[in-house]
Amino acid sequence: MGCRDHSPPPDARLALRRVRARGPFPRWQKPPDCLGGSASVSGIRIRKWQLRVLFLSSVALAVRRGRTAMAAVAADPAAAAVAEAAEDREIQNEAIPGLDDQWRQIENGESGRERPLRAGESWFLVEQRWYKQWEVYVQGGDQDASTFPGCINNAELFEDQINWRLKEGLVEGEDYVLLPAAAWHCLVSWYGIEHGQPPIERKVIELPNMQKVEVYPIELLLVQHSDMDTALTAQFSHSDSVDLILRTAREQFLVEPQEDTRLWVKNAEGSLDRLCNTHITLLDAAIETGQLVIMETRNKDGTWPSAQLRVMNSVSEEDEDFQGQPGICGLTNLGNTCFMNSALQCLSNVPQLTEYFLNNRYLEELNFRNPLGMKGELAEAYADLVKQAWSGYHRSIVPNVFKNKVGHFATQFLGYQQHDSQELLSFLLDGLHEDLNRVKKKEYVELCDAAGRPDQEVAQEAWQNHKRRNDSVIVDTFHGLFKSTLVCPDCGNVSVTFDPFCYLSVPLPVCHKRVLEVFFVPMDPRRKPEQHRVVVPKKGNISDLCVALSKHTGIAPDKMIVADVFSHRFYKLYQLEDPLSGILDRDDIFVYEVSGRIEAIEGSRDDIVVPVYLRERTPARDYNNSYYGLILFGHPLLVSVPRDRFSWEGLYNILMYRLSRYVTKPSSDEEDDGDDKGEDEDSDEEEKEEMPGPSTRGSLRDSEREQAGPSSGVTRRCPFLLDNCLRTSQWPPRRRRKQLFTLQTVNSNGTSDRTTSPEEVQTQPYIAMDWEPEMKRRYYDEVEAEGYVKHDCVGYMLKKAPVQLQECIELFTTVETLEKENPWYCSSCKQHQLATKKLDLWMLPEILIIHLKRFSFSKFSREKLDTLVQFPIRDLDFSEFVIKPQNESAPELYKYDLIAVSNHYGGMRDGHYTTFACNKDSGQWHYFDDNSVSPVNENQIESKAAYVLFYQRQDVARRQSQPGSSGPSVSTTCSSPPNPEFMDVN
């Protein structure tokens, strides 16, 4: 073991023979393979070209020595030795520069020690004693001096000479000096390096506000998830990327190129953290020496081994070896998550997007620092879902990881409430776009109006500005451009802008009529309530409802009062001018025939209409019992009372008449059951009267002033109360005859709470009929009271003709006037205007999403339009809607084929989402209903449930079907499966 220096080697003749055997020197112009590339010594990579100069100079020296030795031997052996020594000094002087030049190159030159550090450069450690010896040698000025340092020896810097691990605690200036790469290579070429010793190469890393040579790199333990016992040690720089760890682990553990892997690191607490962003440095990832890094390899079914412990294990034994068609995979309903399953199935069957994730192209475009994104987590969760669904190893999968990820970033989707599939789809497309945005730092872009410029120029500028901030696979696939034209109604100022879109929300032709189901309650007690269905204008008033009902009943509209009945009480009493939009389809609407109005006018001779509730006394079990021992039952009434009969006795008699259909009148033997004891003179003077009909008068007056409860709705003064028509709040105060019920004033809720508010004292009273349980049982027929008849109009259904999808698109591009809540600021008028607005399609995307606006929301109403929209499966032509100058030689740029449909069955309050989708590989249509998947015919796809349509441009489909393309090899034109058992889903 000697150092590789410039002293004559003992086997010079042997070296000469080897050189001659290799041939002439021109063959050495390209160094042997052993001198190229790089080598790994103790886990540290070094460049072999660093040894070329040393090797070649040694060979040249050996050749010259060999020639000299042969000539000298022929003459005089003693003289040959002297001549050889002189020639060695001559050659050495030719190979090594002068000592002054050495000093300048190593210390002060552009490549010397004093040069500034630059991030990413390589510097080398040299043992301090050797370097000091070299300084003494070169500063002495004598090349033949005894201070010659010999070859570079860094033995004192290593713990051992087997693993060549650097000693801990070495200090620059005491134990070693640092040399840049150029200076190091010069010293090696001049003096050589101790045989077998590796060079100590270190990188310059960028730290906050400084650069530093990383003397001690990070040493990590690498293991596989499947074999935690076998660990490999590897060294990395703080400036190395996490991707280098991944590539090193894949190389060391011999992972196949097509297999997916990811890294976990064990933190100080003992838990594992995902190393999601592989593009950041180890310094940014806060990875330290000694940490355990685990490489996980994806299973063949698309799942990760670490995720199998966290998901529900719902796979049966017979499904473990399942192998099916990729993409034909259901999604388990986690509880009202059918909306999510439907959106995911539609998106999963977009060919180019699915190929993008299956081929791992998303890994290079993950944007972890986008403040508008989800740090790549949403894209990774979706990628995992796609890989599982398209692995072919699952009949269905449980998307709970994806569901939790969505709820984490969009709190509106937390929990298990029902949501809208289009709303989730909008969030998902936007989230994937931001997670995969190729623009890492968005620049400010000022939006410019057309200002009279050509549309081509303005549109191109708008699209380029959009791409400067938004560039992702979502933009490439789903984004288009439409033209927006606003016209000021006052000055005629025209504003033209071009805006990107991700989907088209097209309106459905709306019918201006609606059908209301009501119950008509006639004044004639012998007639049962009637159920009617009336057609009314959607934007009409209550008076329109009364007019429509009048045509069925023959009762004048001004003799009707409309009420919303809820829980045995009046929820609202409508006025004639109230809008019909305040009535929901689920409301119980009663229309009462009356002979007067509730809002009594002072001085008027019209009858007074009194709201009446029915209550039953029940024993109060505790303090919080409802209504203090009284509960409401039956349907409330609106009773017309003549003014001259408005007394407690008269009201009792009128109510007995109105209830005569289901209330039995007591017999004469049961009437006189009162006790005369304690009666005063006033009561003795009262006459016994028969139970009167509608024409009988009552005359009972009490001296106590009545206190009425609050009314519903607007507070109104009640003239007959001010005239002291009713002077007590309860009747009868003293019973003389047997009464079936007692009467009491209550508030609009039907409770007997008293109030001292002057406004409420003077409002319309509500009267309660309080029944004893025994009296109700004997005289009140509940079955008859609940009875009603159906009018012939109940069977009427408002017919809705089917509409074409093209009609919806035409409505989307129709001129409309802005609403008052959303005015436009006119730059010419300098004020907000209700301008006219028109949208036109300029550029269409590869995948066109059409959202049918079936759900209508207003201040008072919500409804779902179940109109049948007829849409083509193939050849949806947009050429008549695109206003951009068209390429007539390529008509496929404007024609689309259907690839997926999101369906919604049910109404506003409840419903169910499913999906029709065409498999990109087989071209067959399937019906996805949560975890159930069935083949279907094309004639089953079109239905009233169609909600969101996915269309693929024909040129894209043909491009993907061409051989050599990245897409599937079969045509993506969808068709019906040849011979399956089809499932009727409609």
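Just so you know, these numbers come straight off a predicted model, no measurement behind them.
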Participant: Aromatic contact between H479 and F501, with the criterion being ring centroids under 6.0 Å apart: yes or no?
Facilitator: no

Participant: Do S902 and S421 have a side chain donor and acceptor closer than 3.5 Å?
Facilitator: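 Judged by distance alone, the side chains do pair up.
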
Participant: Are H904 and Y913 an aromatic pair by the rule of ring centers under 6.0 Å?
Facilitator: yes

Participant: Output yes when a side-chain donor or acceptor of S391 lies under 3.5 Å from a complementary backbone atom of Q388, and no otherwise.
Facilitator: yes

Participant: Mind listing the closest non-hydrogen atom pair of G911 and Q418 along with its distance?
Facilitator: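 So the minimum-distance heavy-atom pair works out to O-NE2, 3.4 Å.
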
Participant: Say whether, by atom type as modelled, one donor and one acceptor occur between the side chain of D420 and the main chain of E423 under 3.5 angstrom.
Facilitator: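 Such a contact is found between D420 side chain and E423 backbone.
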
Participant: With no hydrogens and no angle check, do the side chains of N333 and N341 hold a donor and an acceptor under 3.5 Å apart?
Facilitator: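 The answer is no; no qualifying pair exists.
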
Participant: For the side chain of T915 and the backbone of A917, is there at least one donor-acceptor N/O pair under 3.5 Å apart?
Facilitator: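 Such a contact is absent between T915 side chain and A917 backbone.
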
Participant: With rounding to the nearest 0.5 angstrom, report the CG to CG distance, L425 to D430.
Facilitator: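 Atom-to-atom, L425:CG and D430:CG are 11.0 Å apart.
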
Participant: Please name the residue in the list Y894, Y896, Y951 that meets the ring pair (Phe, Tyr, Trp, His ring centres under 6.0 Å) test with F878.
Facilitator: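 It is Y896; the other options fail the test.
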
Participant: How far does CG of L868 sit from CD of Q804, to the nearest 0.5 angstrom?
Facilitator: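 Going from CG on L868 over to CD on Q804, the span is 9.0 Å.
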
Participant: Considering only heavy atoms from C-beta outward, does the side chain of H912 approach that of D930 to under 4.5 Å?
Facilitator: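 Counting from C-beta outward, H912 and D930 do come under 4.5 Å.
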
Participant: Between N465 and W463, does the side-chain contact (heavy atoms from CB on, under 4.5 Å) criterion hold? Intermediate values first, please.
Facilitator: CA-CA 5 Å; N465 288 340; W463 184 250; over 6 Å; no

Participant: Determine whether more than 12 heavy atoms belonging to other residues, nucleotides or ligands lie under 6.0 Å from atom CD of Q417.
Facilitator: no

Participant: Checking the side chain of T248 only, and the main-chain atoms of L244 only, is there a donor and an acceptor separated by less than 3.5 Å?
Facilitator: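 Yes, the answer is positive, given that a donor and an acceptor are paired below the 3.5 Å cut-off.
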
Participant: Show the nearest heavy-atom pair for residues L232 and F253, with the distance to one decimal.
Facilitator: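 What the structure gives for the nearest pair is CD1-CE2, 3.8 Å.
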
Participant: Please report the interatomic distance CG(L432) to CG(L347), rounded to the nearest 0.5 Å.
Facilitator: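 So the CG of L432 and the CG of L347 are separated by 7.0 Å.
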
Participant: Is the shortest side-chain N to carboxylate O distance from K440 to D471 below 4.0 Å?
Facilitator: no

Participant: Verify whether the ring centers belonging to F357 and Y362 lie closer than 6.0 Å.
Facilitator: yes

Participant: List the atom of Q940, the atom of F916, and the distance in Å for their closest heavy-atom pair.
Facilitator: O-CZ, 3.5 Å

Participant: Are the side chains of L852 and V506 in touch, meaning some heavy atoms are under 4.5 Å apart?
Facilitator: yes

Participant: Where do I850 and V948 land on the side-chain contact (heavy atoms from CB on, under 4.5 Å) test, with the steps shown first?
Facilitator: CA-CA 6 Å; I850 301 178; V948 183; over 6 Å; no

Participant: Is the number of heavy atoms from other residues, nucleotides or ligands within 6.0 Å of NZ (K441) greater than 12?
Facilitator: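 Not buried by this count: 12 neighbours or fewer within 6.0 Å.
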
Participant: Which atom names give the shortest non-hydrogen contact between M340 and P399, and what distance separates them?
Facilitator: CE-CG, 3.8 Å

Participant: Looking at every heavy atom in both F881 and Q806, which two are closest together, and how far apart are they?
Facilitator: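 Between these two residues, the closest heavy atoms are CZ-O, 3.9 Å.
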
Participant: Taking N919 for the side chain and S922 for the main chain, is one N or O donor matched with an acceptor at less than 3.5 Å?
Facilitator: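 Yes; at least one donor-acceptor contact below 3.5 Å.
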
Participant: Decide yes or no on side-chain contact (heavy atoms from CB on, under 4.5 Å) for L428 and L378, but give the supporting numbers first.
Facilitator: CA-CA 8 Å; L428 186 54; L378 185 65; 4.1 Å; yes

Participant: List in chain and number order the residues that pass salt bridge (Lys or Arg N to Asp or Glu O under 4.0 Å) with E443, two or more places apart in sequence or in another chain; answer none if no residue qualifies.
Facilitator: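 With neighbours one apart ignored, the set is R468.
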
Participant: Relative to W304, does K387 satisfy both conditions: NZ or CZ under 6.0 angstrom from the six-membered ring centre, and within 45 degrees of the ring's axis?
Facilitator: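 No, K387 does not sit over the ring of W304.
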
Participant: Give the C-alpha distance, both sets of side-chain angles, the deciding distance and a yes or no for salt bridge (charged side-chain N to carboxylate O under 4.0 Å, His left out) between E256 and R250.
Facilitator: CA-CA 8 Å; E256 296 294 332; R250 290 177 63 96; over 6 Å; no

Participant: What is the distance from atom OG1 of T477 to atom CG of L848, rounded to the nearest 0.5 Å?
Facilitator: 13.0 Å

Participant: Verify whether one side chain among D875 and Q954 offers a donor that lies under 3.5 Å from an acceptor in the other.
Facilitator: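 Present: a donor and an acceptor within the cut-off.
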
Participant: Do E846 and Q952 have side-chain atoms, one donor and one acceptor, less than 3.5 Å apart?
Facilitator: no

Participant: Write down the atom of L481, the atom of P500, and the distance for their closest heavy-atom approach.
Facilitator: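 So the two residues come closest at CD1-N, 3.6 Å.
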
Participant: Can you spot which of K375, K442, R369 makes a salt bridge (charged side-chain N to carboxylate O under 4.0 Å, His left out) with E434?
Facilitator: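 Looking at K375, K442, R369, the match for E434 under the salt bridge (charged side-chain N to carboxylate O under 4.0 Å, His left out) is K442.
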
Participant: How many angstroms lie between CD1 in I280 and OG in S241, if you round to the nearest 0.5 Å?
Facilitator: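 Those atoms lie 9.5 Å apart.
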
Participant: Can any side-chain N or O of R274 pair as donor or acceptor with the backbone N or O of V265 at less than 3.5 Å?
Facilitator: no

Participant: For A379, does its backbone N or O pair with a side-chain atom of D435 as donor and acceptor, under 3.5 Å?
Facilitator: yes

Participant: Please find out if less than 6.0 Å separates the ring center of F478 from that of H433.
Facilitator: no

Participant: Does one side chain, of T230 or D227, offer a donor that lies under 3.5 Å from an acceptor on the other?
Facilitator: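 There is such a pair between these side chains.
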
Participant: Check whether any side-chain heavy atom of D384 lies under 4.5 Å from a side-chain heavy atom of V401, and answer yes or no.
Facilitator: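 Not in contact.
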
Participant: Backbone N or O of D301 within a donor-acceptor pair of the N299 side chain at under 3.5 Å?
Facilitator: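 No; judged by distance alone, with no hydrogens or angles, the pair does not exist.
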
Participant: So V242 and L263, side-chain contact (heavy atoms from CB on, under 4.5 Å) or not? Walk me through it.
Facilitator: CA-CA 9 Å; V242 176; L263 296 179; 4.0 Å; yes

Participant: Got a second to check how far K403's NZ is from L385's CG, nearest 0.5 Å?
Facilitator: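 CG of L385 is found 13.5 Å from NZ of K403.
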
Participant: Just by distance, with hydrogens left out, do S239 and T281 show a side-chain donor and acceptor under 3.5 Å apart?
Facilitator: no

Participant: Quiz question: by atom type and distance under 3.5 Å, do the side chains of N367 and N437 form a donor-acceptor pair?
Facilitator: no

Participant: Using the ring centroid of each side chain, check whether Y947 and H851 are separated by less than 6.0 Å.
Facilitator: yes

Participant: Are more than 12 heavy atoms, taken from residues, nucleotides or ligands other than Q870, located less than 6.0 Å from that residue's CD atom?
Facilitator: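 Yes, CD of Q870 has more than 12 neighbouring heavy atoms, counting only those of other groups under 6.0 Å.
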
Participant: Just distance, no hydrogens or angles: give the donor-acceptor pairs under 3.5 Å from side chains in residues 288-296, sequence neighbours left out.
Facilitator:
unit_1	atom_1	unit_2	atom_2	d
T289	OG1	E219	N	3.4
Q291	OE1	E288	N	2.8
Q291	NE2	K266	O	3.0
E296	OE1	R262	NE	2.9
E296	OE1	R262	NH2	3.4
E296	OE1	W264	NE1	2.6
E296	OE1	S306	OG	3.2
E296	OE2	S306	N	2.6
E296	OE2	S306	OG	2.7

Participant: For the side chain of R874 and the backbone of K895, is there at least one donor-acceptor N/O pair under 3.5 Å apart?
Facilitator: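 No, because the side chain of R874 does not come within donor-acceptor range (under 3.5 Å) of the backbone of K895.
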
Participant: With heavy-atom distances below 4.5 Å as the criterion, would you say the side chains of L424 and F339 are in contact?
Facilitator: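 With C-beta onward as the side chain, the pair touches.
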
Participant: Can a side-chain donor-acceptor contact be found between D273 and N267 if the only test is distance below 3.5 angstrom?
Facilitator: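 There is such a pair between these side chains.
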
Participant: Are the side chain of R854 and the backbone N or O of A945 linked by a donor-acceptor pair below 3.5 Å?
Facilitator: no

Participant: Taking atom types as modelled, find out whether S472 and R438 have a side-chain donor-acceptor pair closer than 3.5 angstrom.
Facilitator: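 No pair is found: no donor N or O on one side chain lies under 3.5 Å from an acceptor on the other.
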
Participant: Would you say T914 and Y927 are linked by a side-chain donor-acceptor pair, where the criterion is simply a distance under 3.5 Å?
Facilitator: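 Present: a donor and an acceptor within the cut-off.
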
